[in-house]
Peer 1: 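Handing you this structure, nothing more for now.
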Amino acid sequence: MKLNKQDILKALETITVPGEGQNMVESGAVTNVVTFGDEVVVDLTIKNPSLQAKKRTEVEILKAIHEQVYEKAKIKVNVKVDAPAQPKANVIKGKPVPGIQNIVAVASGKGGVGKSTVTANLAVTLSKMGFKVGVLDADIYGPSIPIMFDVEAEKPLAVNVEGKSKMKPIENYGVKVLSIGFFTQPNQAVVWRGPMAAKALNQMIFDAHWGELDFLLIDLPPGTGDIHLSIMQALPITGAVVVSTPQNVALADAKKGVAMFQQDSISVPVLGIVENMAYFTPAELPDNKYYIFGKEGAKHLAEDLNVPFLGDIPLIQSIREAGDVGRPAALQTATPLEKAFETLTQNIVQEVVKRNEDLPPTEAIKITTMAGCSAVNKK
């Protein structure tokens with residue numbers, strides 16, 4: 001049987017394009033129909049990129065032609081997908097906080113890897129470099145930042161800002177700090193469900209008078225849970241830093257931490273991975289390195305995941321002692337520790353600058369207090 005093009009088009013008019021109200025001929029989805037005896041070729045362009053929509057359209061075309069034109073017709077359907085461009089992965093999400101230029105989340109897949117210690121020392125190093133810095137302790141169930149900044153007995157005061165009452169962060173070592181630890185007793189456990197914890201965090205973010213900050217560091221709790229999602233929904237996170245030790249048990253969870261930020265629904269740029277407790281150097285043998293938890297595990301993980309390796313921090317007793325007495329080790333001048341944290345901080349700042357080059361000019365800041373790390377605003 002010789003097929004007629006008009007009969008084919010009439011049959012196709014009975015089919016609706018996926019996601020549109022018009023039939024596929026009226027909408028222009030059918031771009032060409034060619035017949036050769038009992039053979040027919042239908043060229044089609046649809047906007048729905050899903051495989052399900054494509055297969056459903058093919059089946060409906062076959063069914064319509066077989067039922068309405070010729071049941072033994074040999075049909076070939078060429079479906080082209082013309083989907084709208086997807087938004088860039090690093091589009092800023094959340095509600096911006098006036099005056100805060102960069103928000104960096106410090107995370108870890110596993111607890112006990114020194115994430116809060118890295119956050120505290122990163123904060124004081126940024127402050128020493130001339131940046132205006134704040135730390136939000138988002139570890140609701142185990143807040144340790146107040147201890148590390150020697151402000152655990154402090155209570156934030158209320159200040160009037162443009163007719164509204166705001167919390168004034170506690171400040172020490174040039175760093176502004178807010179933590180749930182300021183509002184609970186030392187022996188009091190915070191037994192809250194996710195929504196209540198998220199509400200408390202929102203208050204510390206949006207009901208606080210942070211003022212002008214170059215960097216707000218967020219010390220996230222371990223894992224990949226509700227607090228993380230609440231923070232990322234509420235704030236435009238500039239990027240995330242993942243802390244891990246070199247051992248395989250910690251690396252397995254660090255990999256999940258990186259994967260969380262890289263999910264399509266989250267898309268927070270990962271600035272890189274920090275290897276904490278990389279090696280042990282005893283005070284009496286300063287040139288010796290003992291790789292207690294394994295060697296360069298986090299560095300190799302960064303290479304495998306194609307994310308930057310930001311640096312390593314040694315396992316030294318004075319880091320722990322400094323944190324316990326509330327004076328971060330990076331404040332020690334002319335020491336290998338100070339140099340290690342300076343190198344780490346410089347690498348993080350450079351990654352922030354690179355990341356900001358892809359953002360709208362209003363979101364980028366011009367960093368001028370450190371050579372080689374200035375971002376150029378695009379006009």
Side-chain angles (χ1 to χ4, degrees), residues 100-127 131 133-149 173 175-181 201 204-205 213-225 227-232 234-245 250 253-262 266 268-278 298 301-302 307-313 319 323 328-330 340-352 355:
I100 299 179
Q101 300 296 334
N102 293 289
I103 302 175
V104 177
V106 184
S108 67
K110 180 176 288 298
V113 298
K115 168 183 52 60
S116 296
T117 299
V118 169
T119 302
N121 283 281
L122 173 59
V124 297
T125 305
L126 284 168
S127 179
F131 295 107
V133 189
V135 174
L136 173 65
D137 188 358
D139 195 348
I140 292 289
Y141 305 108
S144 53
I145 290 295
I147 295 175
M148 293 186 175
F149 279 87
Y173 310 126
V175 178
K176 296 178 180 179
V177 178
L178 271 183
S179 169
I180 198 67
L201 282 173
M204 288 195 291
I205 296 167
L213 294 181
D214 295 317
F215 290 92
L216 175 64
L217 305 182
I218 302 180
D219 183 25
L220 290 171
T224 55
I227 298 296
H228 304 73
L229 293 175
S230 297
I231 287 286
M232 288 183 284
L235 289 172
I237 306 295
T238 305
V241 171
V242 177
V243 180
S244 179
T245 55
D253 289 338
K255 186 184 299 184
K256 296 171 186 174
V258 172
M260 173 186 69
F261 291 114
Q262 291 180 336
I266 294 174
V268 170
V270 177
L271 301 175
I273 297 177
V274 178
E275 182 167 281
N276 194 30
M277 309 182 205
L301 177 64
V307 298
F309 178 67
L310 298 170
D312 54 25
I313 302 298
I319 297 179
F341 282 115
E342 280 184 355
T343 301
L344 171 64
T345 305
Q346 287 170 1
N347 290 339
I348 291 175
V349 171
Q350 288 171 351
E351 291 302 325
V352 169
R355 182 258 185 274

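Each residue takes its place number in the sequence, starting with 1. The basis for the numbers below is simple: all heavy atoms, side chains too, and nothing from hydrogens, waters or symmetry mates.
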Peer 1: Side chain to side chain contact (heavy atoms under 4.5 Å, CB included), that's the test. Do L344 and V118 meet it? Break it down for me.
Peer 2: CA-CA 10 Å; L344 171 64; V118 169; 4.2 Å; yes
Peer 1: D253: what forms a side chain to side chain donor-acceptor pair (under 3.5 Å) with it, not counting sequence neighbours?
Peer 2: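 Result, side chain to side chain donor-acceptor pair (under 3.5 Å) vs D253: K110.
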Peer 1: Would a distance-only check, ignoring hydrogens and angles, find a side-chain to backbone donor-acceptor pair under 3.5 Å from N102 to D214?
Peer 2: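 Yes, the answer is positive, given that a donor and an acceptor are paired below the 3.5 Å cut-off.
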Peer 1: Quick one: closest heavy-atom pair of I319 and A329, and the distance?
Peer 2: CA-CB, 4.0 Å
Peer 1: In terms of the angle between their ring planes, are F149 and Y173 parallel, tilted or perpendicular, with boundaries placed at 30° and 60°?
Peer 2: tilted
Peer 1: Main chain of L271, side chain of R355: is a donor-acceptor contact present, judged purely on distance under 3.5 Å?
Peer 2: no
Peer 1: Determine which pairs satisfy salt bridge (Lys or Arg N to Asp or Glu O under 4.0 Å) with at least one residue from residues 114-125, sequence neighbours left out, and list them in order.
Peer 2: K115-D219
Peer 1: To the nearest 0.5 Å, how far apart are CD1 in I273 and CG in D312?
Peer 2: 13.0 Å
Peer 1: Among all residues two or more places apart in sequence or in another chain, which pass the salt bridge (charged side-chain N to carboxylate O under 4.0 Å, His left out) test with E351?
Peer 2: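 In terms of salt bridge (charged side-chain N to carboxylate O under 4.0 Å, His left out), with neighbours along the sequence ignored, E351 is linked to K354.
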Peer 1: For residues L126 and V349, determine if any side-chain heavy atom of one lies less than 4.5 Å from a side-chain heavy atom of the other.
Peer 2: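 L126 reaches V349 side chain to side chain.
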Peer 1: If I compare all heavy atoms of A330 with all of T125, which pair ends up nearest, and what's the gap?
Peer 2: CB-OG1, 3.4 Å
Peer 1: Do L122 and V274 have side-chain heavy atoms sitting under 4.5 Å apart?
Peer 2: no
Peer 1: Any side-chain heavy atom of D137 within less than 4.5 Å of one from P146?
Peer 2: yes
Peer 1: Do F261 and I237 come within less than 4.5 Å of each other through their side chains, counting heavy atoms only?
Peer 2: no
Peer 1: As an exercise, state the distance from CG of L310 to OG1 of T345, rounded to the nearest 0.5 Å.
Peer 2: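 The CG atom of L310 sits 10.0 Å away from the OG1 atom of T345.
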Peer 1: Between the side chain of T238 and the main-chain N/O of I103, is any donor-acceptor distance below 3.5 Å?
Peer 2: yes
